[in-house]
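These notes concern the structure reproduced below.
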Number of protein chains: 2
Amino acid sequence: MSKPSRIQLENRAAIAEAAVSEFSSRGYHGATIDAIADKAGMSKPNLLYYFPSKEVIYRTVLEQIVEEWLSPLMTLDPTADPVEELRRYITLKMRMSADRPHASRLFASEVLAGAPILKDFLETRLKSLVEDKATILQGWIDDGKLAPVDPVHLIFMIWATTQHYADFEAQIDAVTGAQSKKPGFNEQASQAVLSILLNGVRPR
Amino acid sequence: MSKPSRIQLENRAAIAEAAVSEFSSRGYHGATIDAIADKAGMSKPNLLYYFPSKEVIYRTVLEQIVEEWLSPLMTLDPTADPVEELRRYITLKMRMSADRPHASRLFASEVLAGAPILKDFLETRLKSLVEDKATILQGWIDDGKLAPVDPVHLIFMIWATTQHYADFEAQIDAVTGAQSKKPGFNEQASQAVLSILLNGVRPR
DNA sequence: CAAGATTTTGACCATTTGGTCGAAAGTTTT
DNA sequence: AAAACTTTCGACCAAATGGTCAAAATCTTG
């Protein structure tokens, strides 16, 4: 096993990108290898030279997404100011939603379907991560620095609201008249989300 | 055209229920007529005697869902207390999420895919409904009865958080250790959501 | 209960699609 | 530039699946 060639790297990347796009908008079963290969600029047999099967493509891109999806949650600093920490985290997640909407939708699509592939990951790594962060939040609550709310539900709410802007983009565009494409929309949305969530958890 | 017989009504209902279940967990393309027919307790040709095609089944159940999904938003009373009105609405949506998770997920799946079927509905009826309710919310804000937040984003946040409990059930179950099946979980979730959202919009 | 209408289904067809194969085209190495 | 290796793809296959049809079974009604 030698290092992958330049062609290998380029093609694998092109396939992954095309796959995220196709899987996220058509769903696992709706996406076809042909369409992914087309979008990646190669023939179907050529694509299958790089990935052995459709399912492996799916697993591969899903794993990549999960890794980058997870990273920002890991950085909650228990010694910092809770409201500012949450502001930073929410802002980051809003930006991720705006930057990689396909990735968000692919993850959503997998979970919607009952997370057949990610179930194990969710039950182990994500679970312990959430428990970990919930402890930090609970510590802040115990110190009176945060209003008393169930920390796990707070985490769910942050995920729900931030990811909503990517996952339900079609609905948001329809209702706002495609405002979400305009520059500044994301800032406006972040404003609103931050205002409500942070006021919602500020101790009173 | 005479009235549908008892058999017609029963079978159409059984098919619709099976279809919601299949479409919501497998997606449009992943669901098969065979599986829907099986779940509805009949053969595939028999199912196709009641619905001419897969797409018509899909459209039919989606329309039913949209109608019931829409109804609770219509009842915001501008003369009532804003926080209490929002509490009522959020509670109702949380209950809907818990009662009809499949329906919620089917709707989510359609919007995730770019709302190919519902686009028109979202751009017309839902849009004007949102504009309508946003006006009511803005009125409350102008009266100082609600914190100044963009009303449209507030509506999005309510949808996001409440539907999250149905749409991401797999993730929530994984992270909480299948707590969501236990009685009382929905009350606890409602508590947290209400606490954060209502405190978030209460004027200060 | 018999005639007519409705409901049900086994057998079948056409298309789509995931995946294979062998040979051709292109690259890299010696 | 020849050998060796990597990459590409046309042609093909088998399974899955949406949908048809004619005949059988069942139900309704005069």
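By convention in this document, chain letters (A, B, ...) are assigned in the order of the sequence lines, proteins followed by strands, and residues within each chain are numbered from 1. Heavy atoms only: backbone and side chains are in, while hydrogens, waters and symmetry mates are out.
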Q) Between B:Phe156 and B:Trp159, how do the two ring planes meet: parallel, tilted or perpendicular, split at 30° and 60°? A) tilted
Could you give the [atom1]-to-[atom2] distance, from [X] to [N], as a whole number of Å?
X	N	atom1	atom2	result
A:Asp38	D:dT8	CG	P	15 Å
A:Glu10	D:dT7	CD	P	11 Å
B:Tyr50	D:dG19	OH	P	18 Å

Is any side-chain heavy atom of [Y] closer than 4.5 Å to one of [X]?
X	Y	answer
A:Leu86	A:Leu154	yes
B:Ile141	B:Gln138	yes
A:Leu118	A:Phe107	yes

Q. Between B:Val20 and B:Ala103, what is the shortest heavy-atom contact and its length?
A. CG1-N, 4.0 Å
Measuring to OP1 and OP2 of [N], would you say a side-chain N or O of [X] lies under 4.0 angstrom away?
X	N	value
A:Asn11	D:dT8	yes
A:Tyr49	D:dT8	no
A:Gln8	D:dT6	no
A:Asn46	D:dC9	yes

Q.
For the CD atom on A:Gln8, are there more than 12 heavy atoms of other groups (residues, nucleotides or ligands in this structure) within a distance under 6.0 Å?
A. yes
Q.
Check this for me: A:Glu17, atom CD, are more than 12 non-hydrogen atoms of other residues, nucleotides or ligands nearer than 6.0 Å?
A. no
Q: Note down the inter-axis angle between the two ends of the helix from C:dC1-D:dG30 to C:dT30-D:dA1, five pairs each, to the nearest 10°.
A: 20°
**Q.** Per-nucleotide protein contact string for nucleotides 24-30 of chain D (B base, S sugar-phosphate only, - none; heavy atom under 4.0 Å)
**A.** ----S--
(Q) So if I define the base as every atom that isn't primed, P, OP1 or OP2, how would nucleotides 10-22 of chain C read as a B/S/- string at a heavy-atom cutoff under 4.0 Å? (A) BB-----SBBBB-
Q: Look at all strands and tell whether B:Phe51 reaches a base, only sugar-phosphate, or nothing, counting heavy atoms closer than 4.0 Å.
A: nothing
Q | Lys NZ or Arg CZ of B:Lys54 over B:Tyr28 ring: under 6.0 Å, within 45° | A | yes
Q: State whether the side chain of A:Asn199 and the backbone N or O of A:Ser195 hold a donor-acceptor pair below 3.5 Å, judged by distance alone.
A: yes
Q) For the salt bridge (charged side-chain N to carboxylate O under 4.0 Å, His left out) test, which of A:Glu110, A:Glu169, A:Glu22 pairs with A:Arg105? A) A:Glu169
Q | Separation between CZ of B:Arg95 and OG1 of B:Thr162, rounded to the nearest 0.5 Å | A | 12.5 Å
